[in-house]
There are 2 protein chains.
Amino acid sequence: MTRQGDARRHESADPLRQVIIEAADELYYANGFRAVGMDALRQRAGVSLKRLYTVFPSKESIVLAVLDYRHQIWADEIAAAVAQQATPRDRLLAIYDYLAGWFRSDSFRGCVFINAFGELASESPAVATKAADHKRDFRRYMERLATEAGFSEELGDQLMLLAEGAQTTAAITGDSSMALKARRAAETLLGAEASAQAQSVP
Amino acid sequence: MTRQGDARRHESADPLRQVIIEAADELYYANGFRAVGMDALRQRAGVSLKRLYTVFPSKESIVLAVLDYRHQIWADEIAAAVAQQATPRDRLLAIYDYLAGWFRSDSFRGCVFINAFGELASESPAVATKAADHKRDFRRYMERLATEAGFSEELGDQLMLLAEGAQTTAAITGDSSMALKARRAAETLLGAEASAQAQSVP
DNA sequence: GAGCTCGGAGAACGTTCGTTCTCCACGAGT
DNA sequence: ACTCGTGGAGAACGAACGTTCTCCGAGCTC
């Protein structure tokens, strides 16, 4: 979300392409994909329509590029938040602290992939698969984090579900406390599995 | 979803209005709200455009009526699934079994309120508030179920988050096993709070 | 300086869609 | 039988939007 550290990693080689992607990202996320026309995007990016269409062949391709961009930001920021924590337990719980900060930001409008899926999946299979890919990646990431910490893969799935539920609920109801509720549930799940392990290894 | 038992409760007094709502519900849910035009709805409902506009003043009003209809179905079917279970624990877990059956149905395309929010919230504040109302209702219902079973209100919130996460994840990835994963997480949360209660009352 | 190319501004085109209007057939009442 | 009103089918209208086209000016080459 916010630019900090080596956030430059998110930028592509072509600077014009990057300007368009960032302008589209802001407008689409704030107003929805369909509500933002090519003219508004042209104006925000400071680029003529003709030039816009030399870089991207269609609006759909811009949407897909924005989703790639957001996926990279999400993955990088999650990884950074996790890396700051030392213990396996804190690394798993760092997800929810990251969500809490995101939910409280003024620009929060839910998960862009869920939004894109709801808005465009019926007309763009490419958008639908990109949303599915993103969710699959996040699930695998949580599973990996869980198994690396000595927990079951299933626990990673469960923590993923809590994070997804917090995102949609916070987006629709505007209640940013969902991140904390999800975190406390995650703590309970972690504690339960840890004590079950201690029990089974006497 | 499926009509069984006293599903007639969902019907309004005006039969023409009800025909339109049910046709709109099927088309909107299967194809998305924007993808279905008034002409397709007119054809499916077997009603002329003029008659359609005598019953509803606009498409938005039809969308809102469909959301009301779905909210009633959801509330009734959840209540029925819960009522079939005898113990407090099974009543709380009945939610996830209901979700499992729903996810496996061919017509499953996610939570209609989440979809409507993503598609229309940016242009229709009424849709946004109706989605928020629905989620608030469900949250309160889970909180009530939890407290009636002797658990904390917070546990109800956590079970709600699991259900929400399962809905979005199942919708986007098409993986219906999310209901079972949510259920197992819920079982763990229930067990943990039960044993904590046993501990604190020696 | 003349010619040429590139790109900017925005008009134009074709499509979609919500909403309204027109025309006409049918049936009831006298 | 004639009239009148109701309602059906679908044309018409206006707006929005993605995409393409036109016109024109700026800057580079010889």
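Order of the sequence lines sets the chain letters (A, B, ...), proteins ahead of strands, with each chain counted from 1.
- Here CD of B:Gln167 is found 6.5 Å from CZ of B:Phe138. Values are rounded to the nearest 0.5 Å.
- In the displayed structure, A:Glu123 atom CD is contacted under 6.0 Å by more than 12 heavy atoms of other residues, nucleotides or ligands.
- Side-chain proximity of B:Lys59 to the nucleotides D:dT19, C:dT20, C:dG18 is greatest for C:dG18.
- B:Val47 comes within contact range of no nucleotide atom at all, as no heavy-atom separation falls under 4.0 Å.
- The distance from atom CD of B:Glu123 to atom P of D:dA15 is 17 Å, rounded to the nearest whole Å.
- Regarding B:Met38, its CE atom lies at a distance of 19 Å from the P atom of D:dG14, rounded to whole Å.
- When the P atom of D:dC17 is taken as reference, atom OH of A:Tyr53 falls 13 Å away, rounded to whole Å.
- Between B:Thr168 and B:Met178 the shortest side-chain heavy-atom distance does not fall below 4.5 Å.
- Of the possible donor and acceptor atoms, one in the side chain of B:Glu119 sits under 3.5 Å from a partner among the backbone N and O of B:Phe33.
- For residues 56-69 of chain B, the pairs satisfying salt bridge (charged side-chain N to carboxylate O under 4.0 Å, His left out) are B:Asp68-B:Lys130, with sequence neighbours left out.
- For B:Leu49, whose side chain is taken as the heavy atoms from C-beta onward, the closest listed nucleotide among C:dT20, C:dG18, C:dG7 is C:dT20.
- Remark on DNA chain D: of its neighbouring residues A:Lys50 and A:Phe33, the 5'-side contact belongs to A:Phe33, judged by nearest-heavy-atom nucleotide.
- The distance between atom CG of A:Asp39 and atom C1' of C:dA11, rounded to the nearest whole Å, is 11 Å.
- Rounded to whole angstrom, the span from the CD atom of B:Gln43 across to the P atom of D:dG8 amounts to 15 Å.
- What separates CZ of B:Arg42 from P of D:dA11 is a distance of 11 Å, to the nearest Å.
- Comparing C:dG18, D:dT20, C:dA9 by their nearest atom to the side chain of A:Ser48 picks out C:dA9.
- Note on A:Ser58: only backbone sugar-phosphate atoms sit closer than 4.0 angstrom, heavy atoms only; bases stay farther off.
- Distance CZ (A:Phe56) to P (D:dG18): 15 Å, rounded to an integer number of Å.
- The phosphate of D:dG8 (OP1 or OP2) has a side-chain N or O of B:Arg51 nearer than 4.0 angstrom.
- With rounding to whole Å, B:Leu52 atom CG is found 15 Å from D:dG10 atom P.
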